[in-house]
Amino acid sequence: MAFSQYFEHHEVESEIYRRWDKSGAFQPSQDTGKAPFTISMPPPNATGTLHLGHAIGMTVEDLMIRWKRMQGHPALWVPGTDHAAIATESVVIRNLQSEGMDDPRHQLGREELVARIAAFTEDSRSTIRSQIRALGASCDWTRERYTMEPALNRVVNSVFSRMFRDGLIYRAPRIVNWDPHLRTTVSDDEIYYSDREAKFYTLRYGPFLVGTSRPETKLGDTAVAVHPEDERYREHIGKTYEVPWPKGPTITVKVVADEHVDPEYGTGALGVTPAHSHADFEIAQKHNLPLIQVIGEDGRMTEAAGPYAGKEVEEAREAFVADLEAAGLMEKIESYAQPVSLCYRSKLPIEPLPKNQWFIDVNKPAVQWEGRNMTLKQVMYEVVDSGKIRLLPEHEVKTYNHWIENLRDWCISRQIWWGHRVPVWYRGNAVSEDNIEAAEEMYVGHRRPDGEGWVQDPDTLDTWFSSALWTFSTLLDSEKALDDDLDLDEIIARSPDFERFHPTSVMETGYDILFFWVARMILMTTYTVKDIPFSTVYLHGLVLDKDGEKMSKSKPETSIDPLEVIEEYGADALRLSLVLGNSAGSDLKLGQERIVACKRLLNKIWNAAKLVEMSSEGKKRLELTPASVVHPLNRWMLTRRNVLLERINRRMEAFAFGDAAEQIRSAFWGEFCDFYLEAIKVDEVAESPETASVLSNVLDDFLKLLHPFLPFLTEQVWSNLGREGLLISADWPEPDESLSWKDESEGVDAVSRAVAAVRSLRAEQNIDPGAYVNVRLQPRRHAEVFETCRPILERLMRTEELVISESEEETKGSLAVDEAFRAALTLSAADLQAERERFEKQLEGAQKRLASLESRLKNEGFLNNAPKETIESTRQSAQKTKSTIQDI
RNA sequence: GGGCGGUUAGCUCAGUUGGUUAGAGCGUCUGCUUGACGUGCAGAAGGUCAGAGGUUCGAAUCCUCUACCGCCCACCA
């Protein structure tokens, strides 16, 4: 097949992907004697399309998988999608509403709405599948999973009931984060804080002045808390006061002493609202205080709010404040920035309120881990602290530990319909979905219990509950999982994929979901399978626009859609732009220029390969042995190849993929293209079968090294060159020390420097680049190499006459000095003034350097403390510098 | 308030365990287009490594403080 003028990604990408898929390369190889390498793909939400965050993740995962696969490890990358409970349900509801349905939940009912959402996710999933393919992800589609599939539902139910049995899941009334808009609870991690302009009210409150930004909640106060040491209030502690509000109701507040209160803040007296504040709830628990709920789940005041009942919160606040002012109870009103908790999804304020919900107890010592009885928190901490799980970048360990310290029981029940239903059934005369509190019997298990009259809990589980099982649930055998007669341990024991591929090797995901997901996988997996879910966590950074801002659709000029980039530049250019120079944990500023620069590398590779094909056409490929490679240039190229391979392997092992890509790019462009390919254009070198073999060999290795980063292009080049098999299944190159020539390689380096030196002289003398010049070269080392490379020097220096002689003959003209040679450009009309200036500058630099080196060598501290090699190399450089100065 | 990260060339970033003259890409300047190159090549300019102090024979690198930027967590008194 011939090389077209440039790489036409449109025409080949999907075809190449099909070839890979058909070849079976995406499936892990049979036992090769090497350890399996496994990645669980973080399942994209089944809501829509992939964004750049997905693209960077897929790219990093794919390059790891391709690299390990080429190294001969059985490599498995399990793809899948997440049902994304709240996200999906709200998208579908919004769609229905925009089609004119006012209240889809009401109008459709549970069953029908769930069916619609399920249909929607099927569409989304198929879109997402094709986008994952477009990125070139070499995942195993025969093992694709979905968090809502029946087998995974079974696992969810079994894990739930086991945790319930162990007392790690409980149902209790607690203050939860209630989103009045979505009408569901959300977890602590699904809220964020934002300051908003608000009023801070100080109001009379029995014998106290109390500050608040939410006066309406004061209707539900049951205590005033003061610091135990606070002299101002000491006499009140333990007393109870009736506080009648102007228009009712009257509340009864007890004065309690609590360390939690900061006497410096506000008036030092804190009105305690147990029903509508997490902190106050804790105080109330400590002091055994009653709880009055004045705000309902609909976001309106309850009956307990007396005359304000039925009003929206904001409305009630205004009315209450007016009433207090009228009654002279409002001491002062100030402006301040109030931190408000908002829901990640709806971006609307969260209302903390009391609710009977399902929780995971993170502080109960009921987990067996390595023979010890621990809490979930302790296990989460232990596996990272002990190094069983390594986080990259490492500093995320601190963030992770800090999160665990502050972790509270995880609220896992949601009042939405799309998701895994809480696997609990109730029975009793008055029981209905709307009133499970009336239950007389409760059953927790992986399926509906036998018998009549059981009503299932109406709530669904937090979407992260099922994703937390992802690394192992996706490796369980589906048929076994659906066998009701097997328990969870039996399912696990009879799943060959689990046996072979779990724990997984690397979890690759964004640092922004370290808590949401990574921590919870660690929690759930250690508990359920008594093993870690993965041994390394690679956290990629965020993809920002070129100005370092988050991309948003409201700024289309900086927002980049991965699918458009693939369309315009190809998947490879996108992939490279997302990893080149990037490392774990660092954000990436992505602009159009970056993508264009990456595209240029693709073009360069394409053309270099085209040249190699042209020049090696019809030539026999020799086996490379120390005896068959004799030309110093070829020996240099193979030596450089070893250096590169060694370096790249080290970087890849260290997860420094961006750095590895950069190194390959630089070696390919600078050494292979700019020097080697140019140098061998000399006929006698180019014509030798030896060169053709080295050329092909080294290009092949570059293609292999580049393949994990640029899979499509390299595969196409591989095929164009008529190489055997598919590159995706080729062997990863390893250094071959028998093909390494240190001395000759240094000689060729000197040749390369001599070329650069002469070119530099030419430029300084303003010599027409097309003109041929006379050069006199005096090698001081590597004379043989210089002589052998004569035709190369002639070509690259563009000489009329090249004299290579070791004799110290004076040469008039422009001179360059190097430790390995002197090169002189003989000129008819040299610009002597410029020459003198240049030499003076050079001399000055060399002398300065020599002075610094010599002072170091005279320094006793240096001689005594520095390592031998350092001293030796310093001494050598001093020698070289000295001789250079003499030359000048 | 607690914590984490960052500050190196005009821009984006590298800089391994402290060790010769701090690197790359993009951009800029000069020139060329030489057997593959939607361009490419050759050459060049450009940095008191945020600031101050310290440790050391030696600091961009280690320590302390300061300044600025970003992020996470807590905070609805």
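In what follows, chains are A, B, ... by sequence order, proteins preceding strands, each numbered from 1.
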| request: Could you give me the stems involving RNA chain B, meaning stretches of three or more consecutive Watson-Crick or G-U wobble pairs whose two defining distances are both below 3.5 Å? | output: B:1-7 with B:67-73, B:10-13 with B:23-26, B:28-32 with B:40-44, B:50-54 with B:62-66
By the 4.0 Å heavy-atom rule, please label [X] as base, sugar-phosphate, or nothing.
X: A/H260; result: base
X: A/E678; result: base
X: A/R214; result: base
X: A/D512; result: nothing
X: A/V755; result: nothing

Of the listed nucleotides [options], the one nearest the side chain of [X]:
X: A/L611; options: B/U34, B/A36, B/C76; answer: B/A36
X: A/A608; options: B/G2, B/A36, B/A74; answer: B/A36
X: A/F515; options: B/U34, B/A36, B/C72; answer: B/C72
X: A/A756; options: B/C76, B/G43, B/C41; answer: B/G43
X: A/Y344; options: B/A74, B/C73, B/A36; answer: B/C73
X: A/P339; options: B/C75, B/G43, B/A36; answer: B/C75

| Would you call A/L392 and A/V537 a side-chain contact if the rule is heavy atoms closer than 4.5 Å? | no
Restricting to side-chain contact (heavy atoms from CB on, under 4.5 Å), what partner residues turn up for [X], sequence neighbours left out?
X: A/E331; value: A/T202, A/R204, A/L209
X: A/K377; value: A/V362, A/N363, A/T375, A/I404, A/L407
X: A/E190; value: A/V186, A/S187, A/Y344, A/R414, A/D462, A/W464, A/F516

| query | Which side chain to side chain donor-acceptor pair (under 3.5 Å) pairs, counting each pair once, include a residue from residues 593-604 of chain A, with sequence neighbours left out? | reply | A/N603-A/N607
Non-neighbouring partners of [X] that pass side chain to side chain donor-acceptor pair (under 3.5 Å), sequence neighbours left out:
X: A/D179; result: A/S346
X: A/Y400; result: none
X: A/E684; result: none
X: A/W517; result: none

Taking only the [atom1] atom of each, what is the distance from [N] to [M] in whole angstrom?
N: B/U12; M: B/U30; atom1: C1'; answer: 25 Å
N: B/C62; M: B/C49; atom1: C1'; answer: 16 Å
N: B/G6; M: B/A14; atom1: C1'; answer: 15 Å

| task | Could you encode protein contacts along nucleotides 22-27 of chain B as a string, one character per nucleotide from 5' to 3', using B for base contact, S for sugar-phosphate-only contact and - for no contact, with a heavy-atom cut-off of under 4.0 Å? | result | --SSS-
| said: Counting primed atoms plus P, OP1 and OP2 as sugar-phosphate and everything else as base, spell out the protein contacts along nucleotides 9-17 of chain B at 4.0 Å heavy-atom distance: B, S or - for each nucleotide, 5' to 3'. | reply: ---SS----
| message | With a 4.0 Å cutoff (strictly under), does any side-chain N or O of A/S760 reach OP1 or OP2 of B/A44? | response | yes
| message | Considering only residues two or more places apart or on different chains, which pairs with a residue in residues 653-670 of chain A satisfy salt bridge (charged side-chain N to carboxylate O under 4.0 Å, His left out)? | response | A/R651-A/D659, A/E662-A/R665
| field | More than 12 heavy atoms from other groups under 6.0 Å of OH on A/Y336 | value | yes
| said: On RNA chain B, does the nearest nucleotide to A/E351 precede the nearest nucleotide to A/K550 from the 5' side, or the other way round? Give the residue. | reply: A/K550
| Which comes earlier along RNA chain B counting from the 5' end, the contact point of A/V261 or that of A/A609, where each point is its nearest nucleotide? | A/A609
| Short side-chain to backbone donor-acceptor contact, A/H276 and A/I295, under 3.5 Å | yes
| said: For B/C76, does the base pair up with any side-chain atom of A/S341 as donor and acceptor (N or O, under 3.5 Å, distance only)? | reply: yes
| query | Is A/K398 side chain donor-acceptor paired with the B/C4 base, going by distance under 3.5 Å alone? | reply | no
